[in-house]
Amino acid sequence: MTKFNRTLVTTALPYANGPVHIGHLAGVYVPADIYVRYLRLKGEDVLLIGGSDEHGVPITIKAKKEGVTPQDVVDKYHQIIKDSFEEFGITFDVYSRTSSKMHHETASEFFKKLYEKGEFIEKVSEQYYDAEANQFLADRYITGTCPHCKNEGAYGDQCESCGTSLNANDLIDPKSAITGNQPQLKETKHWYLPLDKYEPQLKKWILEDHKEWKANVYGQCKSWLDNGLHPRAVTRDLDWGVKVPVEGADGKVLYVWFDAPIGYISATKELTPDWEKYWKAKDSKMVHFIGKDNIVFHCIIFPAMLNAEGSYILPENVPANEFLNLEGDKISTSRNWAVWLHEYLKEFPNKQDVLRYVLTANAPETKDNDFTWKDFQARNNNELVAVFGNFVNRALILTHKYYKGIVPEAGELTDFDKEILAEIPVIKANVEKNLETYHFREALKEAMNLARLGNKYLADTEPWKVVKTDEERVKTIMNIALQIVTNLSTLMEPFLPFTTQKLRGFLNIEPLAWDKISANVLPAGHQINKSELLFEKIEDETIQAQVDKLLATKEANEIANYEAAPAKANINFDDFMKMDIRVGTIVAAEKVAKTKKLLKLTVDTGIDKRTVVSGIAEHYQPEDIIGTQVSILVNLEPKKLRGIESQGMILMAEDADGKLAFVSPDKAVVAGAEIR
Ligand SMILES: [Zn+2]
């Protein structure tokens with residue numbers, strides 16, 4: 001096995017057309033941060049590289065829709081993303097952006113080098129062009145009818161209705177999203193990277209040399225490689241991005257998937273003049289943390305680019321995660337179905353570690369997982385508060401109570417004491433083994449076992465009882481409990497950095513190196529500080545407020561996605577005139593016994609006062625509608641409902657979410673007024 005002397009960790013560049021949500025965090029940033037914090041504690045040379053991906057068509061579309069420039073869009077979201085990562089404790093050594101000058105230069109040079117080496121194929125093809133807008137149309141700028149399902153709103157690259165991926169030329173009746181005109185086919189030249197040329201190298205590198213990769217990553221790569229690779233265009237006709245730096249390429253930019261991974265290189269360059277050591281030395285280890293949707297780009301396309309360039313190393317591992325869902329539904333930026341990091345930080349101040357804990361304990365490492373607010377609450381209350389917090393609190397409070405906060409000397413150890421202390425290096429080794437193989441969920445579980453061990457030790461030894469009979473014995477118990485607390489402040493650091501910092505404050509100690517984790521780490525005679533609770537219980541109301549927020553989102557989505565039913569067949573005027581619709585005033589209302597939906601109304605129709613049974617009990621309280629003017633069809637044949645004869649029908653409007661509303665005149669009119 002290769003001995004590595006430094007590690008370069010990259011995290012997928014979040015796309016700067018929206019803020020970051022828990023799916024991003026669980027998939028990429030929390031595990032990457034845990035990994036890097038662990039290596040730093042071990043004293044290793046490691047860099048965590050991040051940045052915003054600021055090019056590509058969706059950003060230009062968003063800008064157009066909001067009437068701002070693409071630069072405005074990326075400036076806004078880059079700042080939100082960067083600030084929220086920082087507050088959440090993701091310890092990037094550099095968090096850059098692909099609109100930076102450094103990146104444009106780096107990506108441009110990279111392309112030029114491949115161009116000069118003759119690595120590209122030049123190809124002329126026909127693409128849709130909008131003459132009025134004077135530009136070629138990116139796939140997302142073309143809509144039309146899907147040839148498979150006949151959905152009229154399919155995009156040039158995909159039909160979101162049936163999920164088929166399309167070519168723009170497949171669309172029936174294509175339209176430009178810019179002008180609405182029918183676009184014309186026009187010839188355009190692009191540069192292609194012949195992925196097939198690198199297929200043998202990639203096959204050996206992944207399928208033979210990296211069998212240890214996660215099954216989901218290895219499997220996806222194998223399927224791509226088995227299907228055979230093809231040349232892939234690395235340029236686009238677009239005015240937002242890194243300009244293609246060769247003659248005759250006006251109006252063309254690098255394809256966002258060519259430029260984005262080079263962003264890792266530019267960011268490292270921005271950070272240190274020593275960047276080449278991390279990217280090119282054979283004893284450097286590169287690890288890409290990504291979500292499963294990015295596997296092909298990081299395992300096939302970027303490595304092919306690096307191979308073509310020739311001087312770079314390839315990643316040692318690509319620990320991609322599956323997706324995290326939210327309350328049983330796919331997380332979606334466009335549907336606002338997400339827990340947004342910047343909102344969480346505002347609504348749960350100083351609770352970064354609770355979210356870090358829940359996202360790690362429930363990480364989608366091998367399959368898609370679900371985040372629920374109930375689970376969030378349960379893990380906080382039953383694990384962080386009841387196990388970790390409870391143990392630490394008891395140990396520190398008793399030390400103050402019995403010894404004024406001075407660590408007591410341990411006396412002779414019992415067999416039980418020795419057993420407990422012997423667990424510490426075992427747990428440490430288990431955490432290490434799991435972290436080094438990217439099993440973060442398991443690593444956290446093992447680390448929590450140390451808190452469980454401490455909790456159990458105090459529960460079994462009962463110092464608060466023993467103190468009445470054997471004060472010497474209690475000194476030993478408390479010394480051992482404090483050794484465990486101190487080790488927790490190191491062992492938990494990668495996972496819960498805010499908590500461990502607080503804990504070190506209580507213990508009155510500096511950060512300890514990973515290798516200091518041992519049975520004897522806090523010296524007797526050391527003075528500890530006053531402590532507070534490490535975690536607080538999260539109440540039902542807090543959780544309900546979050547659930548309500550999601551329900552409101554769901555409702556708003558239903559309204560936004562509402563499609564009016566198509567019009568019914570025409571009728572003639574005589575048919576219409578057969579209906580006698582009047583304005584009536586509700587003069588009495590009561591619930592119909594033993595029904596959920598029905599109200600019995602008495603309505604003054606001007607003609608008479610009559611009884612109408614109406615299915616509106618879930619929408620209106622009887623006492624609230626007395627005096628309300630409504631529309632009533634008075635010549636509908638009477639009908640018995642629950643033994644009550646209903647004489648007519650109140651007209652109701654039904655909203656997208658099924659809520660009913662009266663159809664009332666906008667000013668008071670006389671009861672019996674005809675509606676026509
Ligand atoms: Zn379709």
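All residue numbers in this chain count up from 1 along the given sequence. We count ligands from 1, going down the list as the structure has it; atoms in each ligand are counted the same way. Everything numeric here is computed off the predicted structure, so don't read it as measured data.
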N/O donor to acceptor pairs below 3.5 angstrom from side-chain atoms of residues 317-325, sequence neighbours left out:
unit_1	atom_1	unit_2	atom_2	d
N321	OD1	K214	NZ	2.9
N321	ND2	A26	O	3.3
N321	ND2	G27	O	3.1
E322	OE1	K292	NZ	3.2
E322	OE2	N216	ND2	2.7

Pairs of donor and acceptor atoms involving the side chains of residues 120-129, under 3.5 Å and at least two apart or interchain, shall be tabulated with distances.
unit_1	atom_1	unit_2	atom_2	d
E122	OE1	K189	NZ	3.4
E122	OE2	W191	NE1	3.2
Y129	OH	N134	OD1	2.5

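For T188, the side-chain hydrogen bond (donor to acceptor under 3.5 Å, both in side chains) partners are D237, K252, not counting sequence neighbours.
Neighbouring protein atoms of the Zn ion (ligand 1) (N, O or S, distance under 2.8 Å, waters ignored): C146 SG, C149 SG, C159 SG, C162 SG.
The pair E199-K203 meets the salt-bridge criterion, since a charged nitrogen lies less than 4.0 angstrom from a carboxylate oxygen.
Checked against F302 for a side-chain contact (heavy atoms from CB on, under 4.5 Å), the options W257, Y264, Y312 give a single hit: Y264.
Ring-plane geometry between F376 and Y344 is classed as perpendicular, the angle between the planes exceeding 60 degrees on a 0 to 90 degree scale with a lower cut at 30.
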